[in-house]
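These values consider heavy atoms only, across backbone and side chains, with no hydrogens, waters or symmetry-generated copies. In each ligand, atom 1 is the first atom listed, and ligand 1 is the first ligand listed.
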Amino acid sequence: MNSNSLVSIADLSKDEILHILEQTRYFEEHPNHKILDGKVVATLFFEPSTRTRLSFETAANRLGARVIGFSDKGTTSTSKGETLKDTIKMVSNYVDLIIMRHYLEGAALYASEVTDIPVINAGDGSNQHPSQTMLDLYSIYKTQGTLDNLIITMVGDLKYGRTVHSLLMAMRFFNPTFNFVACNELRMPDEYTNFCDKHGIRYNVSHDFSSEIINSSDIIYMTRVQRERFTDIMEYEKVKDLYNLNNAMLADSKDNLRILHPLPRINEINPDVDDNPKAYYFQQARNGLFTRQALICNALGIDILNR
Ligand code: CP
């Protein structure tokens with residue numbers, strides 16, 4: 001396993017997180033920086049993506065690297081029965097870095113263990129999405145001026161939502177208070193509430209997305225109910241429309257409140273929120289480009305601030 005791999009957000013210390021955020025700020029100010037001339041990056045997407053794949057590929061291009069890869073596993077030899085291990089070993093012959101999204105929890109860890117080149121986890125099932133977390137942290141820092149002592153409300157699919165799982169773990173360094181708003185079927189798994197207990201993180205659990213919760217929040221992190229994670233479509237139909245945020249609900253919210261969402265959204269944020277200055281989800285996705293420039297450099301052992 002290459003020590004520069006990023007499989008879980010838990011791989012990063014507080015200092016490493018803060019340093020990546022500084023590097024991200026550098027790339028926001030200098031997005032075209034051709035320091036990866038001669039490097040080749042692979043993006044292997046076994047699961048659909050718009051933002052993560054395109055922002056990683058744009059990041060690599062803006063850094064001067066070349067990109068190979070696939071966005072449809074049906075066009076690869078996986079469809080002939082080639083194993084993940086063999087696919088990773090083959091691609092490792094060609095490139096300097098693998099960025100991989102896979103539908104199975106643990107696939108990124110497994111991939112990182114069968115190759116000597118660095119692997120960045122671009123999402124593994126409902127487990128982890130560490131690059132999303134880094135752009136979420138950057139977005140929180142940019143909008144709040146701090147990561148410390150914030151009230152963060154997570155809403156929707158807290159069971160399968162890998163973005164909320166990763167963000168919760170990263171926030172352990174910053175003394176947050178969480179509100180977990182979800183129906184019973186999609187509540188935050190015990191693994192993560194136990195994590196909060198172990199790290200002294202305060203959290204409240206609620207089925208009700210109440211005005212009291214909205215008006216006390218610094219960050220509201222909306223999530224999509226992920227149809228693709230359900231084995232029983234009737235279960236999905238039962239819970240898919242339970243939590244919707246509209247503009248009127250923000251009338252008495254705090255001035256510093258920002259609405260985040262990893263996207264894509266379905267109907268959990270009404271389009272009438274989009275023009276509210278507290279809506280930040282499109283800028284959040286833009287921040288993903290600069291964050292992923294920093295993460296690619298990190299994985300390749302390049303520190304843009306100390307060259
Ligand atoms: N946030 C996110 O992972 O979006 P994509 O699925 O479009 O990559």
Side-chain angles (χ1 to χ4, degrees), residues 6-9 20 24 41-62 67 69-74 97-105 107-108 111 119-140 142-143 152 154-171 186 219-230 236 240 243 245 258-269 273-274 279-296 299:
L6 178 59
V7 169
S8 164
I9 198 70
I20 291 167
T24 301
V41 172
T43 53
L44 311 184
F45 277 65
F46 293 85
E47 215 185 31
S49 167
T50 296
R51 276 146 294 275
T52 308
R53 185 174 66 83
L54 294 181
S55 61
F56 263 123
E57 293 185 356
T58 307
N61 279 302
R62 287 191 182 276
V67 180
F70 57 82
S71 57
D72 176 1
K73 69 179 168 57
L97 167 66
I98 291 175
I99 296 162
M100 186 181 85
R101 169 170 290 186
H102 202 283
Y103 46 88
L104 289 178
E105 292 82 13
V119 174
I120 297 179
N121 180 5
D124 62 327
S126 57
N127 185 33
Q128 282 273 316
H129 196 347
S131 69
Q132 176 73 43
T133 298
M134 289 309 305
L135 78 88
D136 291 343
L137 292 176
Y138 188 65
S139 299
I140 293 170
K142 266 184 80 174
T143 60
I152 300 178
M154 296 175 163
V155 185
D157 182 355
L158 307 189
K159 178 179 179 184
Y160 298 115
R162 58 194 174 201
T163 64
V164 291
H165 300 160
S166 293
L167 181 58
L168 177 157
M169 293 175 81
M171 287 302 298
L186 295 177
I219 295 289
I220 294 178
Y221 196 100
M222 298 297 294
T223 64
R224 173 177 68 97
V225 177
Q226 300 172 82
R227 181 184 177 149
E228 65 272 26
R229 308 276 179 234
F230 285 77
Y236 168 74
K240 70 182 171 68
Y243 298 102
L245 181 66
R258 291 296 178 273
I259 315 299
L260 301 187
H261 190 311
L263 303 176
R265 70 172 152 180
I266 306 300
N267 60 355
E268 57 278 2
I269 301 180
V273 179
D274 294 357
Y280 194 75
Y281 26 93
F282 296 123
Q283 296 99 314
Q284 178 188 2
R286 183 171 186 272
N287 290 336
L289 169 58
F290 316 121
T291 309
R292 289 174 172 129
Q293 287 181 290
L295 292 174
I296 288 171

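- Of all protein heavy atoms, the one closest to atom 6 (O) of ligand 1 is R101 NH1, 2.9 Å.
- For the side-chain contact (heavy atoms from CB on, under 4.5 Å) with Y280, the qualifying choice from I219, T143, I259, I140 is T143, the only one to do so.
- Checking only distances, L263 does come within under 3.5 Å of ligand 1, N or O to N or O.
- Here the heavy atom of the protein found nearest to atom 4 (O) of ligand 1 is R51 NE, 3.1 Å.
- Heavy-atom distances between H129 and ligand 1 reach below 4.0 Å in at least one pair.
- No hydrogens or angles considered: a donor-acceptor pair under 3.5 Å links the side chains of R101 and H129.
- Between T52 and ligand 1, at least one N/O pair is under 3.5 Å apart.
- Both the sub-6.0 Å distance and the 45° axial angle are satisfied by R292 relative to the ring of F56.
- The closest side-chain donor-acceptor pair between E57 and T43 falls under 3.5 angstrom.
- Near T50, with a cut-off below 4.0 Å to any heavy atom, the atoms of ligand 1 are 5 (P), 7 (O), 8 (O).
- The residues E105 and R229 are annotated as not salt-bridged, no charged nitrogen and carboxylate oxygen being separated by less than 4.0 angstrom.
- Between H261 and the choices E268, R224, Q284, the side-chain hydrogen bond (donor to acceptor under 3.5 Å, both in side chains) rule is met once, by E268.
- Which parts of ligand 1 touch P262 is read off a 4.0 Å heavy-atom cut-off, strictly below it: atoms 1 (N), 2 (C).
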